[in-house]
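Here's the structure, in structure tokens; my notes come after.
Whatever order the structure lists them in is the order used to number ligands and atoms, beginning at 1.
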Amino acid sequence: MSIIIKSEREIALMRQAGRIVGTVLDTLSRRVKPGMKTKELDIIAAEAVERLGGTPSFKGYRGFPANLCVSVNDEVVHGIPGERVLREGDIVSLDFGAIYKGFHGDGAITVGVGEIASKAKELVETTRGALAAGIAAAHAGARLGDISAAIQGYAEGRGFSVVREYTGHGIGREMHEEPQIANFGVAGTGPVLKKGMTIALEPMVNLGDWHTRLGGDQWTVLTADGSLSAHFEHTIVISGEEAEVLTVREGVYA
Ligand code: MG
């Protein structure tokens, strides 16, 4: 399988899908508060995506039972929303995908529940920065490894580690298309990026070691050492000098 180049028309539809994802995540970020159950966030996401004219991507994907992934503290990704109650000081990663007219958008944010410890704040800001560094490296003519190296260098340069077992990915008519995009790697290696490629970059950054383990529900991924983990994701389109971020609600969620 090769990397698919999207037409202008397809990119326009992905822009709509991305805006839906960005808006749902922005809505969720404003609603997170101590005392709420994680399943309440799933309901908010379902209502918001319907109002915006999209369909949730994750529900039923390989049997995933919810609209939204909610991963708290040492949970890295793929947490299933449920009865867990969010507490002051938790960090919560929200990963959401939507389909609009046959095209997917995929994005994630990590938010603090009330006041969070300074080290947790540093982890969250580093992960957000690692995503920004990856996006900055993603332009036509660059290589895939440039993105991976930029993400890894940013996170490790600040004393954190990047998860290695899970990756970013191409995206379009399928939620997961070629290529896989590791959050670690060597600059100057891998396929050359071309205008019209649409990819989802998603660094997962740990406070401790990078190793993960799978939880008892067979979905939730946790840090092996129990340390905190954060996750940010944007769907972007490669376009000349600077990539365009699709999963954005302008001026609010970046
Ligand atoms: Mg993704």
Side-chain angles (χ1 to χ4, degrees), residues 1 3-4 6 14-15 17-26 28-29 41-42 45 49 54-71 75-81 92-100 102-111 127-128 130-135 138 144 147-148 150-152 155 162-185 193 197-206 212 214 219-221 229-238 243-248 253-254:
M1 203 156 51
I3 305 172
I4 301 164
K6 271 75 174 184
M14 289 193 68
R15 215 170 261 132
R19 208 162 284 161
I20 290 169
V21 170
T23 303
V24 169
L25 288 171
D26 177 59
L28 289 167
S29 74
L41 293 166
D42 189 60
V49 72
T55 308
S57 297
F58 299 170
K59 190 152 195 174
Y61 182 81
R62 296 184 182 169
F64 189 75
N67 302 292
L68 174 74
C69 295
V70 182
S71 307
E75 296 174 349
V76 178
V77 285
H78 305 164
I80 302 171
V92 56
S93 298
L94 307 167
D95 189 352
F96 186 73
I99 312 166
Y100 180 80
F103 287 88
H104 290 261
D106 192 3
I109 55 174
T110 300
V111 296
T127 311
R128 191 200 309 273
L131 174 56
I135 293 169
L144 200 61
I147 297 175
S148 304
I151 289 170
Q152 180 180 20
V162 289
V163 169
R164 299 185 177 217
E165 296 100 327
Y166 302 89
T167 66
H169 49 91
I171 182 168
R173 288 191 186 276
E174 303 294 334
M175 182 159 64
H176 294 132
E177 296 183 350
E178 290 292 307
Q180 283 197 355
I181 305 160
N183 293 305
F184 65 100
L193 301 172
M197 287 180 178
T198 46
I199 55 179
L201 305 184
E202 49 178 320
M204 292 144 259
V205 178
N206 297 349
T212 64
L214 191 61
W219 274 107
T220 310
V221 176
S229 187
H231 180 209
F232 280 84
E233 178 176 20
H234 271 312
T235 298
I236 67 173
V237 53
I238 303 298
E244 178 187 350
V245 177
L246 301 180
T247 35
V248 67
Y253 160 61

- Task: Give me the ring orientation class for H176 and H169: parallel if the planes are under 30° apart, tilted from 30 to 60°, perpendicular past 60°.
- Result: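 Answer is perpendicular, since the angle exceeds 60°.
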
- Report the C-alpha separation of T235 and H104 in whole Å, then their side-chain angles, then the decisive distance to 0.1 Å, and conclude whether the side chain to side chain contact (heavy atoms under 4.5 Å, CB included) test is met. CA-CA 9 Å; T235 298; H104 290 261; over 6 Å; no

- Message: My understanding is that only residues two or more places apart in sequence, or in another chain, count here; which of them pass salt bridge (Lys or Arg N to Asp or Glu O under 4.0 Å) with E202?
- Response: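 For E202 there are no salt bridge (Lys or Arg N to Asp or Glu O under 4.0 Å) partners, ignoring immediate neighbours.
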
- side-chain contact (heavy atoms from CB on, under 4.5 Å) with L28: which of L94, V111, I109, D42?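 The passing option is L94.
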
- Qualifying residues under side chain to side chain contact (heavy atoms under 4.5 Å, CB included), relative to S229, sequence neighbours excluded: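 Result, side chain to side chain contact (heavy atoms under 4.5 Å, CB included) vs S229: V76, N206, T223.
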
- Task: State the count of protein N/O/S atoms located less than 2.8 Å away from the Mg ion (ligand 1).
- Result: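 There are 4 of them.
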
- With sequence neighbours excluded, what pairs up with T110 under the side chain to side chain donor-acceptor pair (under 3.5 Å) test?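 T110 satisfies side chain to side chain donor-acceptor pair (under 3.5 Å) with S93 only.
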
